[in-house]
There are 2 protein chains.
Amino acid sequence: MKRNTWQREAVRNALGESEGFVSAQALHSGLREQGSSIGLATVYRALADLASEGEADSLQQEGEALYRACTPGSHHHHLICRNCGLTVEIEADPVELWAQQVAAEHGFTQAEHVVDVFGVCAKCAAAGATR
Amino acid sequence: MKRNTWQREAVRNALGESEGFVSAQALHSGLREQGSSIGLATVYRALADLASEGEADSLQQEGEALYRACTPGSHHHHLICRNCGLTVEIEADPVELWAQQVAAEHGFTQAEHVVDVFGVCAKCAAAGATR
DNA sequence: AGTCCTGCTGAGAACTGTTGTCAAAAACCG
DNA sequence: CGGTTTTTGACAACAGTTCTCAGCAGGACT
């Protein structure tokens, strides 16, 4: 049976409050700074659970896993500011179709795809324009 | 100054001969089995060099980096069999346009994107059909 | 060809992100 | 409340990758 602990809630909340993708370790130290006594392993476990239940998305960047709360159930992709981490969920229907089609053309089945767009958001572009 | 050592050549060759994406460690042990005395660190260094010079593509899967020789200079994406690792280079012009457009719509600039399609190739689908 | 300099190599240690272990704690059931 | 059973948290273990550093060797120059 699956139990409902305050730790899991804490992770879910912390994830929901963050602007963009966060690493497990950042989340853990953030919670610790708020006085929580949650353990690192627990954060990893909670994140893995959330991700497998579709309540969070994950992506790999520079060898570490980043997580983000997302609208459950809906398939979507992300547009991520590589400077501040701001994330926008985007629909990608044309890409879905394209991926299926390309896979089929080459005899591939059970196609899945990884699609993420990185860029610099308007705010960061303006702030960094002088650089 | 950049030097041309037999180790770098060995890595380049081994990469070119492999069917799909290979991990640095697999490449290293493969070379070792062929009697080479190349070191693991050197393989990592050579792969990083090749990737940064555009002679190899890399992707992250399950926490490890995989590499593959690719046609230098051309921008393309990959269709990868998640069973045997077979890789097909694919053109994705519609996706390129889509990515630029979506980024622009949200005020993002300097858009880059990660697009990879995973599936099961015809051969593996046939072999695993009985499973 | 010989010499020198400097970047490259290889072995292993060190590091980083993640997962496993296990006793103790706490959530759920009645 | 008492019993059962999952979950937790501290820490060890692990895997992949990078760092370190003494010695080696590629290439330029002679």
Distances under 3.5 Å between nitrogen or oxygen atoms of protein and nucleotides 28-30 of chain D:
none

Give me, pair by pair, the N or O atoms of the protein and of nucleotides 11-17 of chain C that are less than 3.5 Å apart, along with how far apart they are.
from, atom 1, to, atom 2, distance (Å)
C:dA11, OP2, B:Arg32, NH2, 2.7

What pairs of donor and acceptor atoms, side-chain ones from residues 28-35 of chain A against any protein atom, are under 3.5 angstrom apart with sequence neighbours left out?
from, atom 1, to, atom 2, distance (Å)
A:His28, NE2, A:Ile38, O, 3.2
A:His28, NE2, A:Leu40, N, 3.3
A:Ser29, OG, A:Gln25, O, 3.2
A:Ser29, OG, A:Ala26, O, 3.1
A:Arg32, NE, A:Ile38, O, 2.7
A:Arg32, NH2, A:Ile38, O, 3.0

Without placing hydrogens or testing angles, list every side-chain donor-acceptor pair under 3.5 Å for residues 95-109 of chain B, not counting sequence neighbours.
from, atom 1, to, atom 2, distance (Å)
B:Glu96, OE1, B:His75, NE2, 3.2
B:Glu96, OE1, B:His113, NE2, 3.1
B:Glu96, OE2, B:His75, NE2, 3.2
B:Glu96, OE2, B:His77, NE2, 3.0
B:Glu96, OE2, B:His113, NE2, 3.4
B:Thr109, OG1, A:Val120, O, 3.4

Show me, pair by pair, the donor-acceptor contacts under 3.5 angstrom made by side chains of residues 14-22 of chain A, not counting sequence neighbours?
from, atom 1, to, atom 2, distance (Å)
A:Ser18, OG, A:Leu15, O, 2.9
A:Ser18, OG, A:Gly20, O, 3.3

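Rounded to 10 degrees, the angle separating the terminal helix axes of the helix from C:dA1-D:dT30 to C:dG30-D:dC1, each built from five base pairs, is 40°.
Within a heavy-atom distance below 4.0 Å of DNA chain D, the residues of residues 2-22 of chain B found are B:Arg3, B:Asn4.
In this structure, A:Ser36 and A:Trp6 have side chains that are in contact, with non-hydrogen atoms separated by less than 4.5 Å.
Among residues two or more places apart in sequence or in another chain, the salt bridge (charged side-chain N to carboxylate O under 4.0 Å, His left out) test is passed with B:Glu62 by none. Residues satisfying the salt bridge (charged side-chain N to carboxylate O under 4.0 Å, His left out) criterion with B:Glu91, sequence neighbours excluded, are absent altogether. A search for side-chain hydrogen bond (donor to acceptor under 3.5 Å, both in side chains) contacts involving B:Asp49 returns B:Arg8, not counting sequence neighbours. For A:Arg12, the salt bridge (charged side-chain N to carboxylate O under 4.0 Å, His left out) partners are A:Glu9, A:Glu55, not counting sequence neighbours. Every residue two or more places apart in sequence or in another chain that forms a side chain to side chain contact (heavy atoms under 4.5 Å, CB included) with B:Thr71 is listed here: B:Ser74, B:His76, B:Glu89.
Taken to the nearest 0.5 Å, the CZ atom of A:Arg68 stands 4.5 Å off from the OG1 atom of A:Thr87. One finds the CD1 atom of A:Ile80 at 5.0 Å from the CG atom of A:Leu59 (value rounded to the nearest 0.5 Å).
Rounding to whole angstrom units, CG of residue B:Asp49 and C1' of D:dT17 are separated by 15 Å. Atom P of nucleotide C:dT18 and atom OH of A:Tyr67 are separated by 7 Å, given to the nearest angstrom.
Taking every heavy atom of both residues into account, A:Gly54 and A:Cys70 meet most closely at O-SG, 4.0 Å.
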Exercise for the section: Let me see the working for B:Phe118 and B:Gln61 under side chain to side chain contact (heavy atoms under 4.5 Å, CB included), right down to the final yes or no. Expected result: CA-CA 11 Å; B:Phe118 294 86; B:Gln61 197 184 27; 3.7 Å; yes
